[in-house]
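Report on the following structure.
A, B, ... follow the sequence lines: proteins, then strands. Residue 1 opens every chain.
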4 protein chains.
Amino acid sequence: MITIETTGFIPIYEQIKNGIKGKISLGVLKANDPLPSIRDLASELVVNPNTVARAYRELESEGFITTRKGKASFVTDNSSSLIKQERQRFIDEVFERAISEARKFGLEEEEIRTIVESRLKARQKPGRGEGR
Amino acid sequence: MITIETTGFIPIYEQIKNGIKGKISLGVLKANDPLPSIRDLASELVVNPNTVARAYRELESEGFITTRKGKASFVTDNSSSLIKQERQRFIDEVFERAISEARKFGLEEEEIRTIVESRLKARQKPGRGEGR
Amino acid sequence: MITIETTGFIPIYEQIKNGIKGKISLGVLKANDPLPSIRDLASELVVNPNTVARAYRELESEGFITTRKGKASFVTDNSSSLIKQERQRFIDEVFERAISEARKFGLEEEEIRTIVESRLKARQKPGRGEGR
Amino acid sequence: MITIETTGFIPIYEQIKNGIKGKISLGVLKANDPLPSIRDLASELVVNPNTVARAYRELESEGFITTRKGKASFVTDNSSSLIKQERQRFIDEVFERAISEARKFGLEEEEIRTIVESRLKARQKPGRGEGR
DNA sequence: GTGGTCTAGACCACA
DNA sequence: GTGGTCTAGACCACA
């Protein structure tokens, strides 16, 4: 469901948060849908339940999900409108950062376009897929 | 010379390392050029000298610079060939990550291209310069 | 577990590294064995945790151990083959240095052999054990 | 005259001190012989004059040499008796340390003897010589 | 002045 | 509890 990278510096709870926001953005998770339980998701991702709990806690405080004690967590009604606000800003930032790194190493615009194309191509190839 | 973001998750020493690798890649720092002293760079970046020292130490153990005690650190002769090896891998990884995030949020290839173009445009505008 | 000399010029973090490499070489630490926690080892050796952390960090970057955040550090699977490569070189260097010092003071080969024998004897004597 | 290693952790001034003590021990430098001037030795060893100055200063305070202001430094009359006292202790310590390192890595006595022999052999070979 | 090591101690991510 | 990063600051080797 969600992919986690343990290399790199992005905290796991952050990757989980983004994974879930992504699902909401994609419509895979819709308003009032239940999220997997903390334990289930933790064992699926092979991470500590505390880590998932932190992701859920922050998603709740940002308004994307609500947690009913003793029950489960659910996607909030207004989640998709919240996502819309955040999505553009988030994606822009991600690419801004990537391009900024590329420029630090002296890549020209045209080279950046070439890299992006080659990365997009790499993802099309069946068998390679979305994985990583 | 180098920009540091204290938001975000990338450690400062890592940003310094990448900043310097970038300078070498750009040719701003050439073989045998001296690096700024640890103390100077630390005060310029407003970070602790130990943090710069760690960046330099790791750059040395990776072969990019050599340090002469009591003198300074210098770019190694083979630094640019080392950089060439690392540059492509690093940039690929950065864009792979960005595109991966975008796909999580359901962006199509064409939308990704549009974002990249708009980010590239934003950087061209003089005076605006997108910060950093 | 590991002995540290604060006299002499070898940095503490280096002595810790060598101590652990020695344990791996001896088979006292085997693949996948956990290392003592940074804090525990630091308090045992009466050094600052940062110093142990540096030793562990360098051992990790040299491939001898891996660290799982929040958990512990573990001996890597290939550690013993790495050690084998390094052991001979390290020991050779150590004796090369010792003999080189002896020659500076004019010791003949036969005298060097005698010294080595006497040092080996000194270590056999139970109860005396040559300190350290 | 004296060999310096800039790799390794032993300070240069210490290596210079030992080099000179060695010369005295060997009889190459005899009582009342003049030492090379600080500047000369520094340029010969390609080190900073301050470093040589420190070595001389410590040799003086240990009684091996005397420095006459404006003139040069000379080997003291009692230098060789001082050396005799120190030589055995120093050499013992050097081998004790080497053997101790070897034992940390699990070498048996017989293996240590073999290493010592092979190192002694390596030094006999003409063309390789004392250098390093 | 320049780099290297070390300590003390804080704060954070993760288990 | 365990590792990771960072700061502040001391002290040393060397130029």
[X] [atom1] - [N] [atom2] separation (whole Å):
X     : N     : atom1 : atom2 : result
B/I38 : E/dC6 : CD1   : P     : 15 Å
B/E60 : E/dG3 : CD    : P     : 11 Å
B/E44 : E/dT2 : CD    : P     : 14 Å
B/Q15 : F/dG4 : CD    : P     : 19 Å
B/L35 : E/dG1 : CG    : C1'   : 16 Å
B/K17 : F/dC6 : NZ    : P     : 12 Å
C/E5  : E/dT5 : CD    : C1'   : 17 Å

Within the distance-only criterion (no hydrogens, no angle test), does the side chain of D/S73 pair as donor or acceptor with the backbone N or O of D/L35 below 3.5 angstrom? no
State whether the side chain of C/K23 and the backbone N or O of C/M1 hold a donor-acceptor pair below 3.5 Å, judged by distance alone. yes
Could you tell me the Watson-Crick or G-U partner of E/dC14, where both distances fall under 3.5 Å? Say none if there is no partner. F/dG1
With rounding to the nearest 0.5 Å, note down the distance linking CG in B/L82 to OG1 in B/T76. 6.0 Å
Which label fits D/F90 and C/F105: parallel for a plane angle under 30°, tilted from 30 to 60°, or perpendicular past 60°? tilted
If you take all heavy atoms of D/V52 and D/I16, which pair is closest and at what distance? CG2-CD1, 4.0 Å
Minimum heavy-atom distance between B/F64 and B/S79, given as atom pair plus value: O-CB, 3.6 Å
For nucleotides 7-15 of chain F, 5' to 3', base contacts (B), sugar-phosphate-only contacts (S) and non-contacts (-) with protein non-hydrogen atoms under 4.0 Å give BBB---SBB
